[in-house]
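The shown structure was predicted, so the numbers you read here are calculated from the model rather than taken from an experiment. Remember, it's 1-based here, ligands and their atoms both numbered in the order they're listed.
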Amino acid sequence: MTKIAVFPGSFDPVTLGHINIIERALPLFDQIIIGIGHNSTKSGFFSLEQRVNWLQEIFLHEKKVQIHAYEGLTIDFCRHNHAQFLLRGLRSTADYNYELAIAQTNKSLAPEIETYFLMSDPAHAHINSSIVREVYKNGGDISSMVPQIVISGN
Ligand code: ADP
C-alpha cells in the first residue's frame, strides 16, 4: 500500500515549524501532499500563488512532496488524492483542544482517514503564522521564524 498523507493548512506564510513537521514526517509516508486550504471569497495575507510558489521552491528536490491548493472539506481533498492519512502538528494544549475536535469530526465524516500528529520540536513551538504576519506588518524581523525564501519574497 502506498502511504499517502495530506498536510493541510493555510501556510500564510510557511514557517520553520511547518517545514520541521514535514521533514520529520518524510520517513513515515511514501508521499506527502501539502494542501493549501483557501477560500475564493476570502484571500489570505500572502497571495495563494505566492504561498504555492514558496512551498514548491522549498521542496523542489524532495520527490515525496507535492503541493496543491484546495477549497472545501479537507477530507474530500484527501479522498480525491487517495490519501489515507492526515498530518497535523501540535504546539500546545490550545492546539490539542482545537485539533482534537477537528480530528474527531473528520473521523466521523471519513472513518477510513487516520489523523497523525507530530509534536512541535521545542525550537519551533512558539512559531505561529498569524504572529509572523503581525511582526512582518509592523516591520519586525521574522528571519528566525520563516525560511529565507519568505524573507527574500521570491
Ligand atoms: P491552519 O490554518 O489549519 O491552522 P496552519 O498553516 O497554521 O494551518 O498550520 C498547519 C498545520 O501546521 C497545523 O497542524 C498546525 O498545528 C501546524 N503548525 C503550525 N505551526 C507549527 C509549528 N510552529 N510547529 C508545529 N506545527 C505547526
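Pairing each heavy atom of N81 with each of H68, the nearest pair is OD1-CD2, 4.5 Å. Taking both residues in full, the closest heavy atoms of R79 and L109 are given as NH2-O, 3.4 Å, listed atom of the first, atom of the second, then distance.
Here the protein heavy atom with the shortest distance to atom 9 (O) of ligand 1 is H18 NE2, 3.3 Å. The protein heavy atom nearest to atom 1 (P) of ligand 1 is S10 OG, 3.8 Å. The nearest protein atom to atom 24 (N) of ligand 1, hydrogens excluded, is given as S120 OG, 3.1 Å; this is a heavy-atom distance. Here the heavy atom of the protein found nearest to atom 16 (O) of ligand 1 is G89 O, 2.7 Å. Counting protein heavy atoms only, atom 13 (C) of ligand 1 is closest to R88 CZ, 3.5 Å.
Every atom of ligand 1 with a heavy atom of G9 under 4.0 Å away is listed here by number and element: 3 (O), 6 (O), 8 (O), 10 (C). The contact set between ligand 1 and F7, taken as ligand atoms under 4.0 Å from a residue heavy atom, comprises 11 (C), 12 (O). Of all atoms in ligand 1, numbered sequentially from 1 with element shown, those under 4.0 Å from a heavy atom of F11 are 6 (O).
For R91, every heavy-atom contact with ligand 1 shorter than 4.0 Å involves the side chain, none the backbone. Neither the backbone nor the side chain of H126 comes within 4.0 Å of ligand 1, counting heavy atoms alone. Using a 4.0 Å cut-off between heavy atoms, D95 contacts ligand 1 through its side chain alone, with no backbone atom that close. Only the side chain of I21 comes within 4.0 Å of ligand 1, counting heavy atoms alone; its backbone N, CA, C and O stay farther away.
Taking a 6.0 Å sphere around NZ of K63, one finds it holds 12 or fewer heavy atoms contributed by other residues, nucleotides or ligands.
Using cut-offs of 30° and 60° for the angle between ring planes, the H18 and F7 rings count as perpendicular.
There is a side-chain donor-acceptor pair under 3.5 Å between E71 and S40.
Tested against I67, the residues I58, V14, V52 include a single side chain to side chain contact (heavy atoms under 4.5 Å, CB included) partner, V52.
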Check against side chain to side chain contact (heavy atoms under 4.5 Å, CB included), N20 and I22: CA-CA 6 Å; N20 179 259; I22 295 161; over 6 Å; no

Verdict with reasoning, F29 to Y116, per ring pair (Phe, Tyr, Trp, His ring centres under 6.0 Å): CA-CA 11 Å; F29 302 106; Y116 276 29; 5.7 Å; yes

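Taking any N or O of P8, backbone or side chain, none lies under 3.5 Å from an N or O belonging to ligand 1. Considering backbone and side-chain atoms alike, H124 places an N or O below 3.5 Å from some N or O of ligand 1.
We find that K64 and D30 are not joined by a salt bridge, their nearest charged nitrogen and carboxylate oxygen being 4.0 Å or further apart.
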